[in-house]
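Single-structure report; data block below.
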Amino acid sequence: MSTAPRSSAGSSAPSTLTPELAIIGSGSGNSLITPFWDDKHVVLAEKGLGPDAVFGGTCLNVGCIPTKMFVRPAEIARGPEEAARLDVVQRTESVDWPAMRDRIFSRVDAISAGGRRYRDEELENVDLLSEKVRLTGPRSFVGESGTQVDAERLVLAAGSRPILPNIPGMDLPQVHTSDTVMRLEQQPRRVLIVGSGFVACEFAAIFSGLGSEVVQLARTERLMRTADDEISVAFTSEAARHWRLRTSTSLESVAAAGDGAAATARLRDAEGTVEDLDVDVVLVAIGRRPNTDLIGASEAGLDLHDDGRLVVDAHQRVVADGEPVEGVYALGDISSDHQLKHVANHQARVVAHNLEHPGDLRRSRTEAVPSAVFTHPELAQVGLTEPEAVAAIGSENVTTKVQDYGDTAYGWAMEDQVGLYKVIADRRDGRLLGAHVMGHQASLLIQPVVQAMSFGQDAHTAARGQYWIHPALMEVAENALLGLDVPVGEEL
Ligand SMILES: Cc1cc2nc3c(=O)[nH]c(=O)nc-3n(C[C@H](O)[C@H](O)[C@H](O)COP(=O)(O)OP(=O)(O)OC[C@H]3O[C@@H](n4cnc5c(N)ncnc54)[C@H](O)[C@@H]3O)c2cc1C
């Protein structure tokens, strides 16, 4: 084991470290340091994420976890809307943003700080390099302090970051990304949200639920364009009932407004009409780019996709000149075509195994990858959209069923008017191809289809091979499956 400073922070002369394992990125990469490495030297490089340079990556600090901790109170604040349908009069008196923010981040920050402390101070075999690093070769990198790392095995888990458009005003303090907007001092009264994908739609639901005036700007005609068309159309019109939507419109610039606290955003629609909108905060959420440029992946000879992601093989090995590089792996947003934490976690488990068992490499799973958007109403999907299914097996072989929540018993109890559950299957053998759900708890209700697809159950077996609790909302999944035109097998 090479001798090294416990942490690069405050270290003096640059040193060279020669660990058995080096990892760039403390998000999903952090979980690779299993007990297998207890007697081996490991270097973990983490530059720190966001303005506070936090440890532990996107999901914990600025992604999945804090957003969902805001989604929940925003849903509760919307309570009176559903209550009114059910003859109950409720009122949301007020929302205490500073208290909510402090509650959320006191929990998140403590976990992040604990994780850093554990890696930095408590594990003898691990060196935490708290600085930005760049590859100097396929298995080596150098930090900003000059510390050189030549590793036996290397994992690139450097994630992705928000994209900012190249327009005037992006450096103003009123302009935020998902990295900073959740730490605002006060809840903004007026928020402009730029983007139509999952991050933009989640924040539109959060801020509008909490009572801010939200305008969401989409360059295209619809929100969530990667979703199944039926969901994208239905969600776009539903979103427009809850916050102001400006579709087919672009952001041209942002300028500080007269009082210095707020900003004026200049919008231009497809006809060329210009509108100046006064807001307190502009949240830019137009997509995320993989951090391959930050680590110098291309200069180090690694292959990249057109969108900047690292090319990896089925075992998560990085690829250079079309060939996998032995002992060098990538995982998560830097290489995955799904920007999803459960995918990054799965890939981390595969990489952990492959690092420990180079003679018995596992493949990462690419089938039946589900995702959810915790917006309002909630969205979830797995597998193919209908156009993708038609392209794959021909329209004559595709069967679909759209089941409204409102046509099930629990849907009556909710007086639900928006929820829909769409399933897609191969009519020849009942093979499930996809599911697309919009409505209350969509992320939970989709799981039986994820399970059936993962374990190769056909639609009829999934529907009739088990009991479904009556009259739970889950019956919407059962009814959707039963509505498909597929071969009928054995009954429970
Ligand atoms: C607002 C938001 C909400 C989300 N919600 C969900 C959700 O509900 N469900 C879901 O599944 N996914 C969600 N995601 C996506 C999810 O957070 C990511 O897919 C996941 O965190 C990616 O993990 P990772 O390990 O690949 O990267 P990260 O967790 O981003 O880790 C990469 C780390 O590498 C570090 N790094 C980068 N470059 C360097 C360098 N040169 N030197 C040193 N360190 C470096 C970074 O600082 C970072 O800490 C959300 C994302 C956002 C932004």
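What you see is a predicted model; the values in this text were computed from it and never measured.
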Under the 3.5 angstrom rule, does the side chain of [X] hit a backbone N or O of [Y] as a donor-acceptor pair?
| X | Y | result |
| --- | --- | --- |
| Asp150 | Ser140 | no |
| Ser336 | Asp333 | no |
| Tyr329 | Ala157 | no |
| Glu46 | Ser26 | yes |
| Asp228 | Glu386 | yes |
| Ser28 | Ala348 | no |
| Asp303 | Gly322 | yes |
| Ser112 | Phe55 | yes |
| Arg244 | Val215 | no |
| His176 | Pro173 | yes |

Got a salt bridge between [X] and [Y], using NZ or NE/NH1/NH2 to carboxylate O under 4.0 Å?
| X | Y | answer |
| --- | --- | --- |
| Glu326 | Arg317 | yes |
| Glu230 | Lys422 | yes |
| Asp307 | Arg289 | no |

Just wondering, do [Y] and [X] contact through their side chains at under 4.5 Å, heavy atoms?
| X | Y | value |
| --- | --- | --- |
| Arg190 | Asp280 | yes |
| Arg134 | Phe141 | no |
| Lys47 | Leu294 | yes |
| Val42 | Asp127 | no |
| Val382 | Met453 | yes |
| Leu277 | Leu267 | yes |
| Ile167 | Leu251 | yes |
| Leu129 | Leu44 | no |

Inset, instruction - Sequence neighbours left out, what pairs pass ring-ring contact (aromatic ring centres under 6.0 Å, His included) with at least one residue falling in residues 331-359? - result: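 Only His353-His357 qualify under ring-ring contact (aromatic ring centres under 6.0 Å, His included).
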Taking atom types as modelled, find out whether [X] and [Y] have a side-chain donor-acceptor pair closer than 3.5 angstrom.
| X | Y | value |
| --- | --- | --- |
| Thr247 | Glu221 | no |
| Gln216 | Ser196 | no |
| Glu367 | Ser454 | no |
| Thr220 | Arg225 | yes |
| Gln347 | Ser364 | no |
| Asn291 | Ser160 | no |

Inset, instruction - Any chance you could lay out the salt bridge (Lys or Arg N to Asp or Glu O under 4.0 Å) test for Asp109 and Arg116, step after step, and finish with the verdict? - result: CA-CA 10 Å; Asp109 291 349; Arg116 183 198 295 263; over 6 Å; no
Is it the case that over 12 heavy atoms from other parts of the model lie below 6.0 angstrom from the [atom1] atom of [X]?
| X | atom1 | answer |
| --- | --- | --- |
| Arg72 | CZ | no |
| Glu185 | CD | no |
| Arg183 | CZ | yes |
| Glu152 | CD | yes |
| Arg107 | CZ | no |

Legend entry - Gap between atom CD of Glu388 and atom CG of Leu433 - 0.5 Å precision: 10.5 Å
Legend entry - Inter-residue atom distance Ile33.CD1 - Leu355.CG, 0.5 Å rounding: 11.0 Å
Legend entry - Closest heavy-atom pair and its distance - Gly332, Ala344: CA-CB, 3.7 Å
Inset, instruction - Go through the steps to decide whether Asp229 and Arg222 satisfy the test salt bridge (Lys or Arg N to Asp or Glu O under 4.0 Å), and finish with yes or no. - result: CA-CA 9 Å; Asp229 290 347; Arg222 295 197 319 232; 3.2 Å; yes
Inset, instruction - Can you sort out the partners of His440 under ring-ring contact (aromatic ring centres under 6.0 Å, His included), two or more places apart, ordered by chain and number? - result: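 Partners of His440 under the ring-ring contact (aromatic ring centres under 6.0 Å, His included) test: none.
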Distance-only criterion, 3.5 Å: show the donor-acceptor pairs between side-chain atoms of residues 200-214 and protein atoms not counting sequence neighbours.
{"residue": "Glu202", "atom": "OE1", "partner": "Lys68", "partner atom": "NZ", "Å": "2.7"}
{"residue": "Glu202", "atom": "OE2", "partner": "Lys68", "partner atom": "NZ", "Å": "3.3"}
{"residue": "Glu202", "atom": "OE2", "partner": "Phe374", "partner atom": "N", "Å": "2.8"}
{"residue": "Ser208", "atom": "OG", "partner": "Arg78", "partner atom": "NH2", "Å": "2.8"}
{"residue": "Ser208", "atom": "OG", "partner": "Ala204", "partner atom": "O", "Å": "2.8"}
{"residue": "Ser208", "atom": "OG", "partner": "Ala205", "partner atom": "O", "Å": "3.4"}
{"residue": "Ser212", "atom": "OG", "partner": "Gln187", "partner atom": "NE2", "Å": "3.0"}
{"residue": "Ser212", "atom": "OG", "partner": "Pro188", "partner atom": "O", "Å": "2.6"}

